[in-house]
There are 2 protein chains.
Amino acid sequence: MPINNTIIFIVELLLKNVAKHVQLNKEEEQILLDSFVLTRHPARTKLLKSGEVCINSFFVVSGILRNYCLDDNQANEHTINFATTDWWIADMYSFLSQKPGNSYIEVVEDAIIMTQSREQQLAIFERIPKMERFFRILMERSLIANQQRLIDNMALSAEERYKRFCQRFPTIKYNVPQKQIASYLGVTPEFFSKMKKKLLMEK
Amino acid sequence: MPINNTIIFIVELLLKNVAKHVQLNKEEEQILLDSFVLTRHPARTKLLKSGEVCINSFFVVSGILRNYCLDDNQANEHTINFATTDWWIADMYSFLSQKPGNSYIEVVEDAIIMTQSREQQLAIFERIPKMERFFRILMERSLIANQQRLIDNMALSAEERYKRFCQRFPTIKYNVPQKQIASYLGVTPEFFSKMKKKLLMEK
DNA sequence: GCGAGTGCTTAATGTAGGTTAAGAAAAATA
DNA sequence: TATTTTTCTTAACCTACATTAAGCACTCGC
């Protein structure tokens, strides 16, 4: 794909994502686009490390990002979320408070992303109040999804959670290491391996 | 406390809660207040049942409310959240989508609450755009708290989660049935009882 | 192409927390 | 106050998942 077409595709992806919830005019669209920076990163790049302030939030154009943290003794990873094409991701606590966080954001699969700093975001809220609405709705939806995941973790077995995961992230299933899926579901890689085998044999 | 003073207290509680994040002028404050209805309910009142649309969100003046759902076989309750004085509560999915939800909101301890319908809320967003910001911030904070709880559920033992619960809800601990605390922590009442005894003996 | 790390699987053993059941205590209702 | 209902506790037994440890299969940097 020629570079110009690629850039048109990226711009459209972001604008359509916003247009799902609020209508912007051409001028507003341009102001919004100017507040983002387009970057590419190979797999394994760490975009954020524990202890740092999460200055930026990321809109994923292609590839896969992952937000995770370590438990108290630094022994186990817990995946907070994955993000693929057309998703937003950040360390919410650190990004919103602009204080040091305790999570990591890493590139799982080579990624093209649109980056917006908290400073730029707040400036956009002032210049385009409709974007305040957009992020309110984004927060509302994240909260609902997160609440549902919490309930699933309490009410469902690991097997059922895995089935829901496959529905929610149909593509991710084949593109991230199994141990990362396990750490999203809240089980060990060993148990996940056993569970997967059992599911295969049942078919 | 004479009725007039009581009402002044209630109005101040709500306005101060809003003032934590946005500054309203007198006129805006009045418009906001007019969008709420003040009601009282005895313990055990169900303000919302599974299958209903969550028309209203609630700001708790006094007492305790609880949002919970049942699992697939209707056998176990899972507490999504408690709300005491100065907290907001609703079935987020149903309130935001205005579609039937699958959770309950019940009064755990006799309560005085300020009720605002989704319709009124959306009207307020139009009349007082600053309130859009207020609810964005409220959603952001709920999301952060919910994400932390999810991580705690994956990373911590039931005992550690109980300790955090006691820190987060210092008053609730003594005012709601233990089985409801257990259902918030994600353990059975029987195990919770055993765990509490163990904690007492350790001291 | 080679070596070092990383990820996946399997299996034996361990444990946090669930289930069932029954009685005692407390609280709601009459 | 009496009666019913709900809540709390205890104890025996059960299970989903964790831990440890080992071997094999990758993939990535050199």
Side-chain angles (χ1 to χ4, degrees), chain A residues 41-46 64 66 68 70-79 104 106-110 152-163 165 172-202, chain B residues 41-46 63-64 66 68 70-79 104 106-110 152-165 172-202:
Chain A
H41 306 273
R44 299 181 174 234
T45 308
K46 290 229 184 322
I64 302 175
R66 180 171 76 110
Y68 68 94
L70 301 178
D71 57 13
D72 292 340
N73 47 41
Q74 314 287 308
N76 300 101
E77 288 183 3
H78 299 281
T79 296
Y104 300 77
E106 68 164 14
V107 179
V108 177
E109 191 181 64
D110 294 5
D152 287 354
N153 269 328
M154 296 202 285
L156 304 179
S157 67
E159 225 171 284
E160 288 168 309
R161 274 179 275 149
Y162 178 52
K163 286 176 190 163
F165 174 84
I172 285 186
K173 185 179 165 187
Y174 303 105
N175 295 307
V176 313
Q178 289 188 23
K179 57 180 286 196
Q180 292 184 9
I181 299 179
S183 84
Y184 179 94
L185 297 176
V187 296
T188 58
E190 293 85 352
F191 182 76
F192 182 71
S193 176
K194 186 160 66 173
M195 186 180 86
K196 238 186 37 173
K197 189 182 170 195
K198 189 186 154 223
L199 286 173
L200 274 177
M201 303 220 299
E202 281 173 3
Chain B
H41 307 271
R44 305 196 160 219
T45 308
K46 290 229 184 323
I64 302 175
R66 180 172 76 110
Y68 69 95
L70 300 177
D71 57 14
D72 293 340
N73 46 42
Q74 314 288 308
N76 300 100
E77 287 182 3
H78 299 282
T79 296
Y104 301 77
E106 68 164 14
V107 178
V108 177
E109 191 180 62
D110 296 3
D152 287 353
N153 270 326
M154 298 203 284
L156 305 179
S157 67
E159 230 168 87
E160 287 168 311
R161 274 178 275 149
Y162 177 53
K163 285 176 191 162
R164 298 225 175 159
F165 174 84
I172 285 186
K173 185 179 164 184
Y174 302 105
N175 294 308
V176 313
Q178 289 186 24
K179 57 180 286 192
Q180 292 184 9
I181 299 178
S183 86
Y184 179 94
L185 297 177
V187 297
T188 58
E190 293 85 353
F191 181 76
F192 182 71
S193 176
K194 186 160 65 174
M195 186 180 88
K196 238 188 36 176
K197 190 182 170 194
K198 188 186 155 225
L199 285 174
L200 274 177
M201 301 218 302
E202 281 172 1

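In the text below, chain A, chain B and the rest are named by the order of the sequence lines, each starting its count at 1.
- Glu159(A) meets the salt bridge (Lys or Arg N to Asp or Glu O under 4.0 Å) test with Lys198(A); sequence neighbours excluded.
- With sequence neighbours excluded, no residue forms a side chain to side chain donor-acceptor pair (under 3.5 Å) with His78(A).
- Listed by chain and number, the residues in a side chain to side chain donor-acceptor pair (under 3.5 Å) with Glu77(B) are Arg66(B) (sequence neighbours excluded).
- Residues meeting the side-chain contact (heavy atoms from CB on, under 4.5 Å) test with Lys194(A), sequence neighbours left out: Phe191(A).
- Between the CG atom of Asp110(B) and the C1' atom of dA27(C) there is a distance of 14 Å, given to the nearest Å.
- The separation between Leu185(B) atom CG and dA16(C) atom P is 17 Å, rounded to whole Å.
- Between Asp71(B) atom CG and dG18(C) atom P there is a gap of 12 Å when expressed in whole angstrom units.
- Between the side chain of Gln180(B) and the backbone N or O of Pro177(B) there is no donor-acceptor pair closer than 3.5 Å.
- Side chains of Ser193(A) and Glu190(A): a donor-acceptor N/O pair is absent below 3.5 angstrom, by distance only.
- For Lys196(A), the salt bridge (Lys or Arg N to Asp or Glu O under 4.0 Å) criterion is met by no residue, not counting sequence neighbours.
- Listed by chain and residue number, nothing satisfies the side chain to side chain donor-acceptor pair (under 3.5 Å) test with Lys173(B) (two or more places apart in sequence, or in another chain).
- Residue Thr188(B) places at least one side-chain N or O closer than 4.0 Å to OP1 or OP2 of dG18(C).
- Under the salt bridge (Lys or Arg N to Asp or Glu O under 4.0 Å) criterion, Arg44(B) pairs with no residue, sequence neighbours left out.
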Nucleotide by nucleotide, nucleotides 4-10 of chain C touches protein heavy atoms under 4.0 Å in the pattern (B base, S sugar-phosphate only, - none) ---SSBB

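- Atom pair Glu109(B):CD and dA27(C):C1' shows a separation of 15 Å (rounding to whole Å applied).
- Partners of Phe165(B) according to the ring pair (Phe, Tyr, Trp, His ring centres under 6.0 Å) rule, which considers only residues two or more places apart in sequence or in another chain, are Phe169(B), Tyr184(B).
- In this structure, the side chain to side chain donor-acceptor pair (under 3.5 Å) partners of Asp152(B), at least two apart in sequence or on a different chain, are Gln148(B), Arg164(B).
- Interface limits on DNA chain D: the 5'-most and 3'-most nucleotides within less than 4.0 Å of chain B heavy atoms are dT7(D) to dT10(D).
- Over its full length, the helix from dG1(C)-dC30(D) to dA30(C)-dT1(D) turns its helical axis through 70°, comparing axes from the five pairs at each end and rounding to 10°.
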